[in-house]
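What follows is a set of notes on a single structure, which appears directly below.
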Amino acid sequence: MPELAEVQTIVSDLHHLVGYTFKSIQTDWPKALSPSLSAFQKNLIGKKIIAVHRRAKYIAIELSDDWILLIHLRMSGRLFIREKGHKADTHVHVCFEFDRNKELRFSDQRKFGRAWMLKKSDYKTLPEIKKLGQEPLDPNFTVDDFKARFRSKKGKLKAKLLDQTLLAGIGNIYADEISFAAGLHPQSSLENLSESDLENLYHEMRRILEYAVQARGSSVGEFMDAFGNIGSAQKMHYAYGRKGLPCKVCGTTLHGIKVAQRGTSFCPKCQELK
DNA sequence: CACGATGTTCAAAA
DNA sequence: CTTTTGAACATCGT
């Protein structure tokens, strides 16, 4: 379940590959490669990695000659930087091989992850990228910007936190954690939130996400960083995945419901329905 | 063995 | 246009 913090962790790790050149591609799942395996073979081989950045949950690997290798991990995708001959990783469906015996393994148990080979100019105009909303941790994103962005919206709080065109990069884990931290029921209607609710929501969102990034992500499910190490943000989870367990604050049993078709857990006492 | 759960995005409906 | 619902993806556990 790689979301903003997990993707950021991997992007940081991928900086180790700057300066490496793609030599070959192995795959048993060409469907993961868009537009096609042959396009990758034609355009990726020989390209050098110049930089790596994150946009929402997308990993953008910037290459020589203005190409971009774009990767989305979806549910279960993982990337591993390995030395050639390192012991096998599970569910590896694509392997990018570099010079100096390095390789980047794309592991994906659910096979929902995707990689795209794009010119930089096409990346910038790609509809999926263009429609993405505000980066929650952008230093220029102020509490007033946040309020302005949310005040005009209707609907359930959690649905809006997950809306990638509004805020880019929050997924199921941090939507639950942010709702808990803000003391708001995930089904609260946005139009019922006060100014101070929104201010609180903004500050808790930033605090939770910043913590998760510095903790190198939440290792729930199978998440690992690009060196195969787990993150530690899950130790600080108060809501996500804790359905049926006692609230860490008040001891009340956490409820499990569906919100916006997603599994959701929350404390009925600590989180007010507005 | 059939079905539901899982997280995310896209398509379609309201 | 905005918001909600449904489908699809592949696999695993019940």
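Since we're looking at a predicted model, the values are computed, not measured. Below, read A as the first sequence line, B as the second, and so on, with proteins coming before strands; counting in each chain starts at 1.
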Would you indicate which nucleotide in [options] comes nearest to any side-chain atom of [X]?
{"X": "A:R74", "options": "C:dA10, B:dT8, C:dT11", "value": "B:dT8"}
{"X": "A:K156", "options": "B:dT8, B:dC10, C:dT4", "value": "C:dT4"}
{"X": "A:E3", "options": "B:dT6, C:dC9, B:dT8", "value": "B:dT8"}
{"X": "A:N172", "options": "C:dA10, C:dT11, B:dT8", "value": "B:dT8"}

Please determine whether a side-chain nitrogen or oxygen atom of [X] lies at a distance below 4.0 Å from atom OP1 or OP2 of [N].
{"X": "A:K154", "N": "C:dT4", "result": "no"}
{"X": "A:H72", "N": "B:dT8", "result": "no"}
{"X": "A:K57", "N": "B:dG7", "result": "no"}
{"X": "A:K258", "N": "B:dT6", "result": "yes"}
{"X": "A:K160", "N": "C:dT2", "result": "no"}
{"X": "A:K111", "N": "C:dT11", "result": "yes"}

Atom pair distance, as rounded to whole Å: [atom1] in [X] and [atom2] in [N]:
{"X": "A:R110", "N": "B:dT8", "atom1": "CZ", "atom2": "C1'", "result": "13 Å"}
{"X": "A:L126", "N": "B:dC10", "atom1": "CG", "atom2": "P", "result": "9 Å"}
{"X": "A:Q109", "N": "B:dT8", "atom1": "CD", "atom2": "C1'", "result": "16 Å"}
{"X": "A:M75", "N": "B:dG4", "atom1": "CE", "atom2": "C1'", "result": "13 Å"}
{"X": "A:L190", "N": "C:dT2", "atom1": "CG", "atom2": "P", "result": "14 Å"}
{"X": "A:R262", "N": "B:dG4", "atom1": "CZ", "atom2": "P", "result": "19 Å"}
{"X": "A:D163", "N": "B:dC10", "atom1": "CG", "atom2": "C1'", "result": "13 Å"}
{"X": "A:I129", "N": "B:dT9", "atom1": "CD1", "atom2": "C1'", "result": "12 Å"}

(request) State plainly whether the residues A:R216 and A:D13 are in salt-bridge range, i.e. N to O under 4.0 Å. (result)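 Answer for the salt bridge query: yes.
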(message) For a quick check of understanding: with a heavy-atom distance under 4.0 Å over all strands, which category does A:Y240 fall into, base, sugar-phosphate or nothing?
(response)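 Sugar-phosphate, no base atom in range.
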(message) Just to be sure I understand the rule, does A:Q164 reach a base, reach only the sugar-phosphate, or reach nothing, if contact means heavy atoms closer than 4.0 Å?
(response)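 Sugar-phosphate: the residue A:Q164, judged by heavy atoms under 4.0 Å, touches backbone atoms but no base.
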(request) For A:G263 and for A:Y58, find the nucleotide of DNA chain B with the closest heavy atom, then tell me which residue's nucleotide is more 5'. (result)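 Closest to the 5' end, via its nearest nucleotide, is A:G263.
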(request) Check whether the side chain of A:Q261 and the base of C:dG6 form a donor-acceptor pair under 3.5 Å. (result)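 Flag set: donor-acceptor pair detected.
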(request) Go through the steps for A:R151 and A:E195 under the test salt bridge (Lys or Arg N to Asp or Glu O under 4.0 Å), then give the verdict. (result) CA-CA 9 Å; A:R151 204 176 289 127; A:E195 290 289 297; 3.1 Å; yes
(request) To the nearest 0.5 angstrom, please state how far the CG atom of A:D144 sits from the CD atom of A:E199. (result)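 The CD atom of A:E199 is 8.0 Å from CG of A:D144, to the nearest 0.5 Å.
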(message) Would you say that more than 12 heavy atoms from the other residues, nucleotides or ligands in this model lie under 6.0 Å from the NZ of A:K274, or not?
(response)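 Count over threshold, so yes.
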(message) Which residue is it: A:V94, A:L79, A:I81, A:V92? I am looking for the one with a side-chain contact (heavy atoms from CB on, under 4.5 Å) to A:R105.
(response)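 Testing each of A:V94, A:L79, A:I81, A:V92 against A:R105, the sole residue satisfying side-chain contact (heavy atoms from CB on, under 4.5 Å) is A:V92.
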(request) Taking the six-membered ring for Trp and the full ring for Phe, Tyr or His, determine whether the centres of A:H86 and A:F80 are under 6.0 Å apart. (result)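 Not close enough - the centres of the two rings lie 6.0 Å or further apart.
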